[in-house]
Amino acid sequence: MSSVQSIIDALCEKALHPDRTVAESCKQAGKEAVGFYLYAPEELAYAAGFLPVGIWGGSTEIKLADRYLQGFCCSIMRADIEYGMRGTYNRLRAVMLPTVCDTLKCICENWKVAVPQVPIIPVVYPQNRTLPAGEEYLREEFSRVRRELEDLAGQSVSDAELEAAFAVYEAWREAMRAFTKVASTHPQTVHAKARHLIIKAGSFMDKAEHTREMIQLTRLLAELPEETCAVRAVATGLVGEPLGVLDSLRENDVAIVADDLAQESRQFRVPARAEGDALSKMVWRIADQKGCPFLYEPEKTRGQKLIDLVKENKADAVITLQMKFCDPDEFDYPIYKAELEAAGIPLLYLEVEQQMDSFGQIGTRIQSLAEMLL
Amino acid sequence: MESALTSKQLLAKLQEEHYAGAMQAKKEGKLVAWATSICPQELLETLDIDVVYPENHAAAIGARKDAPQFIANAEGKGYSADICSYARVNIGYTDIQFSEAENIPMPDLIFCCSNICNTALKWYENLAKLLHIPLVMFDMPFNHTFDIPEHSIRYMRGQIEHAIAQLVEITGKKFDYDKFGEVMKVSSDAALWWRRATDLGRNHPSPLNGFDMFNYMAMIVCARGKESTRDLFKLWHDEMAEKVRLGIGPWKEGEEKYRIMWDGIACWPHLSVTYKTLKKYGINMVTSTYPESWTIVYEKNDLDGMARAYSANYANRNLDYGTGNVIKLVRDFDLDGIVYHSNRSCKLMDFRQYEVQRRIEDATGVPSVVFDGDQTDPRVFSQAQYETRIQALVEMMEKNKIKKQRGDLK
């Protein structure tokens with residue numbers, strides 16, 4: 001037990017201190033960091049010798065970003081611009097940001113002016129991603145990003161280096177899928193907050209290093225007896241934050257046994273196809289992503305995906321962590337809400353912001369859910 | 001007969017025919033599409049599919065103050081009050097299906113183009129899912145570079161070809177490329193006359209009152225591929241050219257004292273008060289970013305050119321392009337000020353507004369104000385705030401005028 005707990009504690013510690021973790025990871029790997037948010041061709045940056053690290057905002061007071069963004073902008077992006085302007089991201093050689101929503105399109109433009117010391121590489125994902133023209137476009141887009149990263153690194157990236165980087169990421173994704181599966185049967189040891197932080201730590205570490213930790217943790221966890229909890233829930237939304245929400249979940253013995261979060265499972269739930277080179281596999285991983293609010297999908301399978309996750313993980317409910325002002329998520333909600341209701345699955349809708357500091361009301365609602373399901 | 005009509009009368013007639021025609025088409029069992037405002041409607045026109053535009057319809061509902069019931073309906077289904085109010089009105093309408101303001105037939109297919117925003121993509125995705133109908137999606141990648149990249153054009157062209165195949169399957173008709181060429185020509189001509197007419201706002205005084213432009217815009221949105229639309233804009237142009245010749249300004253009474261640009265969509269539920277407040281101070285809105293948005297001009301049968309033209313919409317371009325565009329408007333239209341509508345519905349326009357405002361002021365010295373509002377949700381706008389901001393703008397514009405007279409400002 002102690003070694004499971006010590007691995008968990010160490011990973012949580014890394015996730016709670018991104019700045020320190022990134023500095024250590026860079027030093028250890030002898031690399032410089034490149035930031036990314038949501039979707040980005042991390043493998044390209046890794047192949048170019050950089051350490052891709054997540055920039056998923058944070059709980060901070062917004063002052064400087066008000067120069068660029070109105071108050072009704074997504075709090076993650078306001079925090080990213082704030083940190084950028086404040087110099088928190090000066091360690092980063094560049095950031096890769098996708099233009100998958102209207103806010104991100106504007107952030108890419110504002111970044112150039114607001115954070116000139118950290119170059120931005122926008123990545124335009126095609127929405128018609130399953131058409132041959134869309135796949136070809138994404139391949140060319142990734143090739144452009146590769147050239148920009150090569151310029152930044154001052155060296156070219158060989159195909160062999162890209163294949164090797166892709167293999168590192170594919171191994172990480174496999175390890176993460178294995179971990180979430182085992183974690184779902186150990187909801188006490190891997191409670192909501194621990195689960196989130198263990199996964200998030202991977203955003204700030206070298207993926208090869210995080211993979212090693214995850215494989216070991218998963219193996220040790222699997223040896224422990226299975227655990228129970230009051231409520232087994234599936235989380236959906238952008239991120240499993242703020243942490244105050246996760247504290248409330250734990251206090252009420254509500255565990256997250258599976259997720260459909262942009263920062264968590266959506267990063268690793270799509271395995272690569274067997275055929276093709278690394279670049280093609282990267283393109284297809286986007287084409288094969290289902291139920292993501294940021295990628296066009298006329299069938300809108302998110303509701304069914306949530307229903308499937310509930311069944312596969314013997315969950316009792318779905319919890320929506322709705323990041324306020326996130327349009328793509330807000331548009332999906334009424335659709336999957338109706339589908340979950342039809343399937344008889346309880347749904348708890350929690351509207352969150354990164355800068356929120358009072359969780360009393362959210363705690364009460366979580367408590368009500370737990371009592372209802374008892 | 002039509003030559004006897006004024007452009008205003010013709011506009012009213014065409015608008016009525018547009019909506020009535022779509023209702024009639026539905027009754028007769030013809031296919032009806034719902035489409036986004038700046039989409040390649042040429043494909044639908046070629047296949048004789050009747051098209052209505054939910055954005056235009058929502059604006060009409062907003063202007064006639066009927067939006068709240070539809071907004072309440074959508075919010076009751078779980079749609080956040082923070083998402084686009086056109087979307088909320090339209091989604092509410094799919095349920096209620098009747099408005100005292102204006103009615104549209106329910107669609108048989110959905111036609112969406114992401115050059116105006118990604119919000120449209122999410123909204124239309126929901127419509128197709130809720131109504132169980134096919135969706136034809138044009139994705140126009142956001143241009144974070146000044147120019148439109150070649151690989152984007154190839155991607156868009158591939159989508160046009162895919163959309164034609166989809167539409168042929170949906171309609172069971174053959175795609176007539178000769179007719180397509182003709183529609184492309186009419187659409188380009190209509191766009192050119194729209195541009196020529198709105199360009200007359202450069203004159204002193206401007207014969208164009210920008211709030212009239214908002215009204216005429218309905219036809220460039222709804223019927224760009226029709227000869228009647230081209231003829232309407234030509235007539236409107238000729239009427240205003242005559243006003244220019246006679247030195248007639250925008251209003252029957254009152255002098256055009258200040259010339260401004262309005263950035264963003266109109267505040268439809270408060271159209272009258274926003275207009276009258278400006279007019280009270282002698283402020284004429286002589287232009288906006290809209291004349292450019294519908295200047296969709298390309299050579300007949302040039303699919304790449306068509307893709308490029310649609311992708312070049314202001315909202316889909318980067319900050320440098322957007323800023324350059326507004327600086328040009330300030331100079332071409334000899335503007336005294338700018339009013340920025342911080343429109344709660346339109347994040348794509350809003351979240352670049354502050355930087356655009358700073359750059360324009362730096363480059364031109366033209367003062368500006370920002371006010372809070374919304375395109376159709378009446379709850380966001382405050383008349384007191386609007387009036388105060390406009391008063392502040394008048395003061396700044398007046399100071400500039402004095403400086404100009406002294407020769408301190410060019």
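Naming: A, B, ... by sequence-line order, numbering from 1 per chain. From a predicted model like this one, the values you see are computed outputs, not experimental measurements.
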Any chance you could lay out the ring-ring contact (aromatic ring centres under 6.0 Å, His included) test for A:Y68 and B:Y354, step after step, and finish with the verdict?
-> CA-CA 6 Å; A:Y68 292 91; B:Y354 290 175; 8.5 Å; no
Criterion side-chain hydrogen bond (donor to acceptor under 3.5 Å, both in side chains) on B:S368 and B:E361, from CA distance to verdict | CA-CA 8 Å; B:S368 56; B:E361 283 205 33; 2.9 Å; yes
Any idea which of [options] has the most non-hydrogen atom pairs under 4.5 angstrom with chain B?
options                        : value
A:K324, A:M77, A:E136, A:E351  : A:K324
A:E299, A:E297, A:K105, A:E141 : A:K105
A:T99, A:L131, A:N128, A:V124  : A:N128
A:K337, A:R67, A:E330          : A:R67

Per-residue contact mode, [X] against chain A (heavy atom under 4.5 angstrom):
X      : value
B:E161 : neither
B:A74  : neither
B:R359 : side chain
B:H144 : both
B:T119 : both

Interface residue of largest heavy-atom contact number with chain A, from [options], under 4.5 Å:
options                        : result
B:L319, B:D372, B:D82, B:N118  : B:N118
B:L135, B:D350, B:I110, B:T145 : B:D350
B:A128, B:S152, B:C346         : B:S152

Test side-chain hydrogen bond (donor to acceptor under 3.5 Å, both in side chains) applied to A:R302 and A:T236, step by step | CA-CA 10 Å; A:R302 186 170 174 186; A:T236 185; 2.8 Å; yes
Output for pair (B:K77 NZ, B:I91 CD1), nearest 0.5 Å, gives 8.0 Å
Given that the side chain runs from C-beta out, which part of [X] has a heavy atom under 4.5 Å from chain B: side chain, backbone, both or neither?
X      : result
A:Q322 : neither
A:K300 : both
A:E339 : side chain
A:C108 : neither
A:D66  : backbone
A:L97  : neither
A:L69  : both
A:R144 : side chain
A:P293 : both

Taking the six-membered ring for Trp, is the centroid-to-centroid distance between [X] and [Y] below 6.0 Å?
X      : Y      : answer
B:W262 : B:F371 : yes
B:W123 : A:F331 : no
B:F111 : B:F138 : yes

Parallel under 30°, tilted from 30 to 60°, perpendicular over 60°: which one fits the rings of A:F72 and A:F325?
-> perpendicular
Considering all heavy atoms, the nearest B:L43-B:I160 contact | CD2-CG2, 4.3 Å
Check ion pair [X]-[Y] (N to O, under 4.0 angstrom):
X      : Y      : value
A:R266 : A:D260 : yes
A:D332 : B:K122 : yes
B:R157 : B:D304 : yes

Between A:Q289 and A:Y39, does a side-chain hydrogen bond (donor to acceptor under 3.5 Å, both in side chains) hold up when you go through it step by step?
-> CA-CA 11 Å; A:Q289 179 74 269; A:Y39 288 118; 3.1 Å; yes
